[in-house]
Protein chains: 4
Amino acid sequence: MELGLIGLGKMGGNMRERIRQAGHTVVGYDRNPDLADVGSLKELVETLSAPRVVWIMVPAGAPTQSTVDELGDLLSPGDLVIDGGNSRWTDDKRHAEQLAFKGIGFVDAGVSGGVWGLQNGYALMVGGKAEDVAKVQPIFDALKPAGDYGFVHAGSAGAGHFAKMVHNGIEYAMMQAYAEGWELLEAVPEVTDVHEVFRSWKEGTVIRSWLLDLAVNALDDDEHLEALRGYADDSGEGRWTVEAAIDHAVPLPAITASLFARFSSRQEDSPAMKMIAALRNQFGGHAVTDASGHTAKEHKAPGN
Amino acid sequence: MELGLIGLGKMGGNMRERIRQAGHTVVGYDRNPDLADVGSLKELVETLSAPRVVWIMVPAGAPTQSTVDELGDLLSPGDLVIDGGNSRWTDDKRHAEQLAFKGIGFVDAGVSGGVWGLQNGYALMVGGKAEDVAKVQPIFDALKPAGDYGFVHAGSAGAGHFAKMVHNGIEYAMMQAYAEGWELLEAVPEVTDVHEVFRSWKEGTVIRSWLLDLAVNALDDDEHLEALRGYADDSGEGRWTVEAAIDHAVPLPAITASLFARFSSRQEDSPAMKMIAALRNQFGGHAVTDASGHTAKEHKAPGN
Amino acid sequence: MELGLIGLGKMGGNMRERIRQAGHTVVGYDRNPDLADVGSLKELVETLSAPRVVWIMVPAGAPTQSTVDELGDLLSPGDLVIDGGNSRWTDDKRHAEQLAFKGIGFVDAGVSGGVWGLQNGYALMVGGKAEDVAKVQPIFDALKPAGDYGFVHAGSAGAGHFAKMVHNGIEYAMMQAYAEGWELLEAVPEVTDVHEVFRSWKEGTVIRSWLLDLAVNALDDDEHLEALRGYADDSGEGRWTVEAAIDHAVPLPAITASLFARFSSRQEDSPAMKMIAALRNQFGGHAVTDASGHTAKEHKAPGN
Amino acid sequence: MELGLIGLGKMGGNMRERIRQAGHTVVGYDRNPDLADVGSLKELVETLSAPRVVWIMVPAGAPTQSTVDELGDLLSPGDLVIDGGNSRWTDDKRHAEQLAFKGIGFVDAGVSGGVWGLQNGYALMVGGKAEDVAKVQPIFDALKPAGDYGFVHAGSAGAGHFAKMVHNGIEYAMMQAYAEGWELLEAVPEVTDVHEVFRSWKEGTVIRSWLLDLAVNALDDDEHLEALRGYADDSGEGRWTVEAAIDHAVPLPAITASLFARFSSRQEDSPAMKMIAALRNQFGGHAVTDASGHTAKEHKAPGN
């Protein structure tokens with residue numbers, strides 16, 4: 001089938017290649033003319049035959065919103081838009097309504113796979129009406145991994161990005177689980193080969209997983225991860241997961257702890273712990289460490 | 001080679017079978033005569049030729065301690081004891097010293113695999129002196145999964161159980177990760193098929209794992225887990241993991257959250273939350289729910 | 001001075017009394033005619049002399065929004081609206097702009113004090129322009145506690161409710177701190193009089209506080225809180241605090257733990273812990289407890 | 001009455017002064033002869049008339065143990081030892097038995113008050129037999145704050161230090177509560193005067209407390225705590241609180257989060273977060289920050 005694909009970055013570019021390898025026609029647009037097949041969204045829409053199917057693969061938020069807006073103007077009733085980016089699931093409902101008003105269908109697709117997706121396939125979690133999902137199924141089949149898994153129609157508009165968001169929340173906590181275990185093993189002198197411990201876990205254990213395999217790969221390169229700083233960004237989906245949990249009064253302690261660990265990793269110094277240090281000094285006369293790293297004179301309580 | 005095996009319960013019995021399938025001789029002892037090959041520890045020791053290798057597979061704590069004590073009396077210099085149970089790693093050092101005093105070697109082995117170990121092999125994490133580990137290697141090779149993984153000599157005495165303990169700590173947090181994600185997905189009406197979402201994750205995702213496969217198996221049996229209560233025991237290793245982290249000043253927020261979630265799951269009612277309810281009532285005149293489930297009369301502040 | 005006061009429930013009614021005791025004129029409106037001084041918002045506005053000052057004390061969300069909308073129509077340029085309810089701080093900016101468009105001033109006021117406020121005074125945290133805050137200062141002075149504290153102009157529109165929101169977040173974690181300590185003390189047989197331990201803490205300790213005094217009051221009534229269920233609602237501000245923290249990448253582990261403890265307290269059974277139980281059963285053949293509380297038959301792994 | 005006091009550091013020295021101000025006789029010993037009234041423990045024991053009461057105020061662990069051992073040799077049946085240091089409560093039972101074997105009584109006393117104790121009094125939580133506690137009551141009365149609070153006989157041997165330990169655990173979480181709230185307020189541009197917000201909370205709020213007063217004192221000195229580093233030691237009691245909770249399967253999420261925040265504050269870099277960074281790089285080609293702070297080249301998945 002024929003697909004318009006907007007956004008040909010790391011993810012979008014590889015997806016175009018995988019879809020083409022499956023025998024479909026992809027007309028790609030990107031702001032970077034070196035990557036694009038056409039020069040504008042208008043040209044992309046004109047190149048496709050109706051009913052058109054256009055996949056958006058641009059950053060979440062304003063870029064996706066403006067693309068949806070523009071497509072709403074360019075496309076015709078009966079056409080279909082897929083948002084395969086990392087949009088917040090609450091945006092999907094709005095986009096679905098906005099496009100439905102013009103007779104245009106909408107499907108949201110959470111896409112997992114990262115840099116490995118081109119060769120292994122992309123896991124897809126999609127939301128939308130069954131008849132809309134069916135129209136894109138050949139593309140989904142091209143993108144998904146071989147085998148029985150890696151694709152789900154999770155529910156109505158937004159359900160795809162919601163499922164992908166939860167996937168990422170789970171991912172945060174799984175990564176944190178391995179990271180905490182690794183730190184603890186590294187802290188104990190009796191355990192002399194943490195790298196080999198991790199490697200041994202790849203078979204026969206309860207905790208074997210693809211993430212564990214990646215951890216072993218990383219330790220193969222740098223046994224004590226000495227070349228790295230303990231600094232981790234977050235992509236938004238972990239935050240949204242916690243916010244969704246709060247909306248539904250679902251306790252999420254491990255996932256939230258993992259998110260907060262990332263926040264902390266990005267702080268040069270912790271304001272909260274400054275307050276702890278200040279309080280300890282006030283009530284106990286505990287030594288404090290000043291901003292230059294020197295141990296400061298102790299506070300004296302009145303009367304002492 | 002020849003092995004004495006003490007403890008022929010669910011784990012020990014299957015291990016005996018797997019070791020025998022590899023062509024080794026196992027003399028098994030259990031308090032239950034229906035399971036045992038010999039009638040006593042003394043008989044087990046007499047049946048084996050020196051230098052003897054005896055594997056203990058009994059519950060941690062007092063049963064393991066009394067077995068180590070008894071073996072210390074029965075065995076001879078040059079013999080070797082393996083503790084393959086779930087002993088706390090701090091016990092291993094004591095046992096190693098106790099036996100070394102009599103010229104008997106000691107190896108601790110953390111064993112993972114559960115009911116799947118007989119067919120898939122058991123992951124083994126061992127601690128002790130290299131020459132002692134080498135003496136048991138044929139048995140380790142028989143027990144471990146096929147392939148390059150599933151066995152590690154992690155360090156000195158205690159390192160095997162320490163690595164297994166951390167494995168279980170990681171396991172707690174991974175299980176909690178999936179559990180939190182599942183609860184959140186179930187809470188949202190837009191996601192209409194959580195079971196299929198989980199199934200789809202088996203390929204192409206970052207969170208694919210053996211535990212995920214098990215989760216899908218469980219949902220295959222009971223889509224909303226309606227037949228289960230949200231009640232989870234803990235086997236001790238999660239607690240020890242947190243205690244070891246505290247000893248080494250290692251922050252372990254996700255693993256600890258997972259442990260506490262299990263503690264909470266076993267409380268009929270939360271004493272702490274009674275205090276929260278009492279305080280809310282005191283300062284805000286918030287309605288409280290009494291022990292019988294009825295909303296009680298509000299506390300009135302003096303002067304109102 | 002003259003004040004219009006909308007909403008004469010538990011809080012609003014007491015506040016009217018305290019303001020009147022200070023010698024000001026309050027014209028109160030409530031949907032309940034038994035509480036109201038006037039029959040409608042229109043009548044309230046007509047009764048006041050310009051420039052009018054009107055304090056909204058109704059539930060956050062839709063009720064506050066519709067009151068702001070209505071006042072926007074009824075009031076005149078130069079008049080001033082105060083939102084003293086529990087509005088989310090992000091609403092304040094919108095309300096400020098909406099009213100500013102009509103020349104009407106806006107101040108947000110977070111109010112603490114609960115049922116004790118009438119006699120002890122209400123702590124007030126306000127946001128808005130300095131000239132608007134100045135117009136209401138006599139009312140603030142009437143409401144606040146005697147002494148040097150209990151009132152702050154925290155910043156621009158929204159800052160008052162933001163400060164009050166954070167106050168409540170801190171409150172959650174302080175309550176949780178006492179609650180956790182109480183539960184632990186109650187769990188240990190060596191400590192025979194937890195009630196007296198709490199009482200003793202009222203002087204000379206680092207943790208003495210008004211909340212501790214309330215905890216002692218509660219234990220005076222019911223030493224082991226046996227009449228209460230461990231069930232706690234949350235009023236919204238705890239959730240908003242965590243959401244604001246996520247927006248600003250501020251780690252908030254203790255406050256969030258306190259919020260999640262409340263969520264958990266309201267669950268009959270934990271869906272997440274059902275998944276934990278299911279997983280334990282899958283990999284370990286651990287006994288599970290079924291929904292009726294009986295220990296169920298163990299799952300058998302294939303081949304056993 | 002007459003008291004032997006061993007350990008005349010910051011706490012012990014002030015306590016000696018407060019006890020003397022109440023009219024009692026204190027014979028003090030310290031390793032530092034400038035502080036001591038007598039030259040040795042032996043001389044201290046000889047100076048006191050039987051039945052003697054000796055208060056130990058030295059660091060927990062080895063110093064306390066060796067003092068108990070030495071007193072066990074020097075004292076006579078009918079004498080009494082009080083451990084007022086920060087001993088772990090599990091040590092108290094052992095000390096009580098060790099001394100009881102020689103006919104010597106034992107009382108454990110948790111002491112709160114810090115540098116403010118001399119003027120305000122020390123809160124005391126004591127454990128032991130009622131008849132032993134009664135023998136020291138005049139000293140307890142001298143040390144405790146004026147008024148009805150600040151002293152409790154909490155239970156049998158160990159209960160005093162247990163109650164003090166829990167006091168400190170609560171203290172950790174209360175400090176964390178204020179610290180988190182402060183950090184969040186500081187993060188938001190709309191709130192222009194966080195110092196004044198904290199000051200305003202001193203009256204009329206739910207969260208007013210002595211610790212809040214101290215926080216305000218600290219902010220009076222240094223509005224944004226710019227002179228401090230976010231670094232906090234822990235004195236042991238927070239760790240023991242979590243360990244006691246684990247022993248009794250009591251979930252303690254807020255207190256534990258507070259302890260872990262201190263652990264994190266002392267890490268130059270987080271090993272766990274290095275692993276998170278490594279994993280993100282492996283699966284997503286996310287940029288990593290190397291140990292020197294530079295953004296490193298991205299890892300390329302095979303096939304790209």
Side-chain angles (χ1 to χ4, degrees), chain A residues 112-113 120-123 125 127 144-145 147 149-152 154-156 158-159 162-163 166-167 169-171 173-174 176-178 180-181 183-185 187-188 190-193 196-197 199-211 241 244-245 248 250 252-255 257-258 261, chain B residues 112-113 120-123 125 127 144-145 147 149-152 154-156 158-159 162-163 166-167 169-171 173-174 176-178 180-181 183-185 187-188 190-193 196-197 199-211 241 244-245 248 250 252-255 257-258 261:
Chain A
S112 178
N120 295 347
Y122 297 90
M125 293 141 256
K144 72 179 279 292
Y149 311 108
F151 173 82
V152 67
S156 58
F162 193 92
V166 174
H167 165 280
I170 293 171
E171 176 192 309
M174 288 178 65
Q176 183 73 19
Y178 291 117
E180 292 181 2
E183 177 168 343
L184 182 53
L185 285 167
V188 180
E190 285 83 358
V191 179
T192 50
D193 200 337
E196 283 306 310
V197 170
R199 175 193 298 280
S200 80
W201 286 344
K202 285 168 67 90
E203 290 297 337
T205 67
V206 176
I207 62 173
R208 59 189 189 264
S209 74
W210 188 65
L211 273 169
T241 303
H248 291 87
V250 169
L252 227 57
I255 291 174
S258 310
Chain B
S112 178
N120 295 348
Y122 298 89
M125 294 141 255
K144 73 180 278 293
Y149 311 109
F151 173 82
V152 66
S156 57
F162 193 92
V166 174
H167 164 281
I170 294 172
E171 176 192 309
M174 287 177 65
Q176 183 72 20
Y178 291 117
E180 292 180 3
E183 177 168 342
L184 182 54
L185 285 167
V188 180
E190 286 82 359
V191 178
T192 49
D193 200 337
E196 283 306 310
V197 170
R199 176 192 299 279
S200 80
W201 286 344
K202 284 167 69 89
E203 291 296 339
T205 66
V206 176
I207 64 173
R208 62 189 187 264
S209 75
W210 188 64
L211 272 169
T241 304
H248 291 87
V250 169
L252 228 58
I255 291 174
S258 310

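Every chain is numbered from 1 and lettered A, B, ... according to where its sequence line falls, protein lines coming before strand lines.
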Salt bridge (Lys or Arg N to Asp or Glu O under 4.0 Å) with A:R199: which residues, sequence neighbours excluded?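 With neighbours one apart ignored, the set is A:E196, A:D220.
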Tell me which of these, [options], has more heavy-atom pairs under 4.5 Å with chain A than the rest.
{"options": "B:A154, B:G181, B:P145, B:G155", "answer": "B:A154"}
{"options": "B:K144, B:Q176, B:E183", "answer": "B:E183"}
{"options": "B:T192, B:T241, B:L252, B:V197", "answer": "B:L252"}
{"options": "B:A173, B:A254, B:S209, B:S112", "answer": "B:A254"}

What part of [X] lies closer than 4.5 angstrom to a heavy atom of chain B: side chain, backbone, both or neither?
{"X": "A:M125", "value": "side chain"}
{"X": "A:F151", "value": "backbone"}
{"X": "A:H248", "value": "side chain"}

With respect to chain B, which residue among [options] yields the maximal number of heavy-atom pairs within a distance under 4.5 Å?
{"options": "A:W201, A:Y122, A:Y178", "value": "A:W201"}
{"options": "A:N120, A:V191, A:D193", "value": "A:V191"}
{"options": "A:G127, A:G158, A:A159", "value": "A:A159"}
{"options": "A:A163, A:G113, A:S258", "value": "A:A163"}

Looking at every non-hydrogen atom in both residues, tell me the closest pair between [X] and [Y] and how far apart they are.
{"X": "B:A177", "Y": "A:I255", "value": "O-CD1, 4.3 Å"}
{"X": "B:E203", "Y": "A:A123", "value": "O-CB, 3.7 Å"}
{"X": "A:A187", "Y": "B:V250", "value": "CB-CG2, 3.9 Å"}

Any chance you could measure [X], atom [atom1], to [Y], atom [atom2], to the nearest 0.5 Å?
{"X": "B:I170", "Y": "A:L185", "atom1": "CD1", "atom2": "CG", "answer": "6.5 Å"}
{"X": "A:T205", "Y": "B:L211", "atom1": "OG1", "atom2": "CG", "answer": "8.5 Å"}
{"X": "A:E171", "Y": "B:I207", "atom1": "CD", "atom2": "CD1", "answer": "7.5 Å"}

Hits for side-chain contact (heavy atoms from CB on, under 4.5 Å) against A:A257, two or more places apart or cross-chain, chain-then-number order -> B:P253
Is any side-chain heavy atom of B:L184 closer than 4.5 Å to one of A:F162?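 Yes, at least one pair of side-chain atoms sits under 4.5 Å.
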Ignoring hydrogens and geometry, is there a side-chain-to-backbone donor-acceptor pair from B:H167 to A:V206 under 3.5 Å? yes
